[in-house]
Amino acid sequence: MRPAKLFPLFADILTLPGIGPRNKALIGRLAGEKVVDLLWHLPTGLVDRRARPKISQIEDGAIVTLKAVVDSHQPGASRRAPYRIMLRDETGYLTLVFFHARTDWLQRSLPEGEMRLISGKVEYYQDRPQMTHPDYILKPEEADELPLLEPLYPLTQGVGQKIVRRAIMGGLETAPELTEWHRPDILAKEGWPGWLEAVQQVHAPQAASDLESAHPARRRLAYDELLANQLALALVRHRARRSKGRALVFTGEAKVQILKALPYDLTSDQARTLAEIEADMAAPLSMLRLVQGDVGSGKTIVAMLAMAGAVEAGTQAAMLAPTEILARQHYATLAPLAEVAGLRIDILTGRLKGKSRAELLARLANGDIDILVGTHALMTVDVTFQDLAFVVVDEQHRFGVFQRLALAEKAANGVDVLVMTATPIPRTLTLTVYGDMDVSRIVEKPPGRKPVDTRVVSLDRLEEVAARVVRAAKDGAQIYWVCPLVAESENSDLAAAEDRHAYLKTQLGDKVGLVHGRMKAPEKDAVMAAFAAGDISVLVATTVIEVGVDVPNATIMVIERAERFGLSQLHQLRGRVGRGGAQSICLLLRGTTGEVARARLSIMRETEDGFRIAEEDLRLRGAGEMLGTRQSGLPDFRLADIEAHGDLMAMARDDARLVIETDPSLGTPRGKALRTLLYLFERDAAVKYLKSG
Ligand code: ADP
Ligand code: MG
């Protein structure tokens with residue numbers, strides 16, 4: 001349970017001053033719906049009202065505070081026209097401009113002949129200084145109320161600075177003092193303030209340099225977040241390690257039979273990766289190994305051979321895929337291989353219901369199924385294995401660490417977990433995502449692949465491209481046509497895909513298929529299957545084909561509005577072609593002429609190295625945007641800037657490791673404070689883990 005001390009931080013933002021049911025939704029979308037979310041909403045700018053020039057000295061665009069006499073009121077000629085008020089000091093005149101202001105209010109706050117303290121931004125209009133809607137209008141004796149320095153927050157439409165500022169200030173007032181969880185030596189070395197002080201400081205910048213990620217308060221908060229992340233990962237890992245491992249003894253018979261049946265030899269990277277996995281399996285510890293291999297590097301077969309080993313050892317294996325399509329594809333690839341080796345393989349997805357499902361579960365529990373491939377459905381409570389000892393998680397980034405472990409929990413006697421990903425997460429980031437898992441990398445591609453001929457083409461040439469696709473399809477080629485990603489609305493995604501589909505149909509009739517995210521799984525599968533079988537020549541798709549789909553005969557990939565995709569996503573999409581022996585082409589249709597878009601897309605032309613692409617993407621766009629957090633599996637950091645705080649990441653990992661070594665149950669005073677840290681960053685699941693373990 002969350003410690004009571006944190007309650008004020010997790011209170012609804014409705015409890016904050018100025019937030020009512022009306023603006024709650026907007027602010028919720030901007031920052032979040034809990035008080036702590038607002039505290040994490042850091043300012044990106046600063047208003048400095050300290051400048052006190054005379055009117056004649058004011059420069060265009062300056063934010064100033066001036067003391068002046070209200071000279072005269074000039075109401076607008078109509079309701080629409082602005083209401084003007086002239087101010088003067090001994091050096092000249094300045095005009096205040098108000099739109100839609102209430103006259104009585106103006107007359108009350110700015111009576112003619114009186115002195116006022118006015119603060120706001122001055123702009124010159126026809127050589128005269130004017131200020132539209134001053135930020136502050138005060139009587140001279142109220143001067144204390146004027147904030148000389150004010151943080152500027154990122155906003156969203158319909159929410160102004162004042163509201164956000166007031167709410168954050170309210171949140172700061174309720175923020176508790178928390179027991180320090182950082183080591184005193186780190187605090188001293190870095191010169192970091194305590195938690196509460198750090199939160200207060202980040203919201204009270206005194207100079208532009210206080211807004212930088214290098215500021216001690218910002219670094220401290222970033223470190224809090226990174227440490228919570230690393231500690232949660234380390235706890236999970238510790239638990240997995242400690243759960244008694246099991247030494248699997250395998251004969252290699254099934255493996256030899258599968259290898260014999262393959263039309264190719266393993267690449268040396270595949271062979272090395274398999275050897276690393278086998279060594280882990282044979283050891284009496286639980287394995288937690290990540291296989292990182294670019295799209296098309298041949299991870300599936302490695303997983304199959306490892307699963308065969310687990311079956312030889314008399315146990316069961318499971319393979320978890322993120323989507324129905326992928327689970328089916330894996331099953332289709334693996335079933336014939338299982339057959340040659342005499343292994344019993346089956347598939348379980350959400351679609352299997354009623355009697356057939358019950359019957360499959362019975363066989364699984366009896367040990368009549370050796371390898372079970374499936375989706376999330378594998379994690380359902382009533383799925384029990386006779387003796388699960390090996391779990392493969394494909395395209396790991398689609399699953400959370402804890403989901404992955406839910407499957408591992410089904411193994412009564414310890415389990416080896418193999419995680420596979422094609423997401424080429426840059427080296428600098430692997431740590432945040434995977435903690436310190438063991439990593440095998442498959443870098444080398446299977447032989448005989450020709451590089452994909454990648455071209456960037458202006459979207460103006462859409463018709464030309466379509467004509468070319470039609471011609472190629474008539475000549476027997478298979479083509480993927482990916483429609484633009486429209487972030488704002490799924491509907492417009494679909495509309496574009498439907499348009500393209502309709503047009504191509506007029507040219508190619510039934511040889512054109514459409515898949516999109518909102519189709520039901522069986523429909524999607526039917527279309528994918530028809531494409532894989534060659535019955536469909538052009539597959540128009542939204543990004544649902546992105547992960548793992550394998551149709552070696554497809555040689556052309558068209559991506560509309562390629563600039564809207566992350567580079568790594570483009571790389572994944574491009575990886576769908578160039579899988580067979582034939583020369584493949586990838587056409588990136590560019591819809592804008594912006595510099596960044598150009599630079600990004602040209603990287604796609606230069607290289608097919610997924611890691612390099614990921615690094616470039618990171619460099620050009622920053623980590624947050626790289627893939628979109630959900631897709632990349634990158635934790636959604638609010639305070640840590642993965643680039644600017646890179647050094648803190650390794651520090652947090654070492655720190656977390658030490659904690660786990662010396663105080664794995666978080667029972668010491670520091671351990672208890674660290675539990676609060678985990679709750680603060682909503683790593684509740686990790687704490688629960690701690691307890692049940
Ligand atoms: P990914 O790593 O993206 O999951 P897959 O496992 O789907 O890649 O493999 C991509 C394709 O490469 C498959 O068609 C597979 O049969 C083929 N393949 C795998 N290993 C080799 C190899 N050593 N030599 C030739 N082809 C291979
Ligand atoms: Mg794959």
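Remember, it's 1-based here, ligands and their atoms both numbered in the order they're listed.
- No option in Lys524, Lys520, Arg351 other than Arg351 meets the side chain to side chain donor-acceptor pair (under 3.5 Å) test with Glu324.
- Asp370 places no side-chain N or O within donor-acceptor distance of the main-chain N or O of Val311, the cut-off being under 3.5 Å.
- Residue Gly293 has no N or O atom closer than 3.5 Å to an N or O atom of ligand 1.
- For ligand 1, the atoms sitting less than 4.0 Å from at least one non-hydrogen atom of Lys299 are 1 (P), 2 (O), 3 (O), 4 (O), 6 (O), 8 (O), numbered in the order shown with element in parentheses.
- Checking side-chain atoms of Glu444 against main-chain N and O of Thr267 turns up no donor-acceptor pair under 3.5 Å.
- In the model, Glu276 has a side-chain atom that pairs as donor or acceptor with a side-chain atom of Ser440 under 3.5 Å.
- Not close to ligand 1: Asp394, with no non-hydrogen atom less than 4.0 angstrom away.
- Close approach of ligand 1 to Gln270 is summarised as follows: ligand atoms under 4.0 Å from at least one heavy atom of the residue are 19 (C), 20 (N), 21 (C), 22 (C), 23 (N).
- Crowding of Gln386 atom CD: a count of heavy atoms from other residues, nucleotides or ligands under 6.0 Å exceeding 12.
- Numbered from 1 in the order shown, with element, the atoms of ligand 1 that lie under 4.0 Å from a heavy atom of Arg579 read 3 (O), 7 (O), 10 (C).
- For ligand 1, the atoms sitting less than 4.0 Å from at least one non-hydrogen atom of Thr300 are 4 (O), 5 (P), 6 (O), 7 (O), numbered in the order shown with element in parentheses.
- Near Leu266, meaning under 4.0 Å from one of its heavy atoms, ligand 1 places the atoms 23 (N).
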Side-chain donor-acceptor pairs under 3.5 Å in residues 471-479, sequence neighbours left out?
| unit_1 | atom_1 | unit_2 | atom_2 | d |
| --- | --- | --- | --- | --- |
| Gln478 | OE1 | Asn553 | ND2 | 2.9 |
| Gln478 | NE2 | Phe531 | O | 2.7 |
| Gln478 | NE2 | Ile536 | O | 2.9 |

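- Between Trp481 and Leu539, the closest side-chain pair of non-hydrogen atoms is not below 4.5 Å.
- Within ligand 1, the atoms closer than 4.0 Å to a non-hydrogen atom of Thr267 are 23 (N), numbered from 1 in the order shown.
- At a 4.0 Å heavy-atom cut-off, ligand 1 touches Asp265 through the backbone alone.
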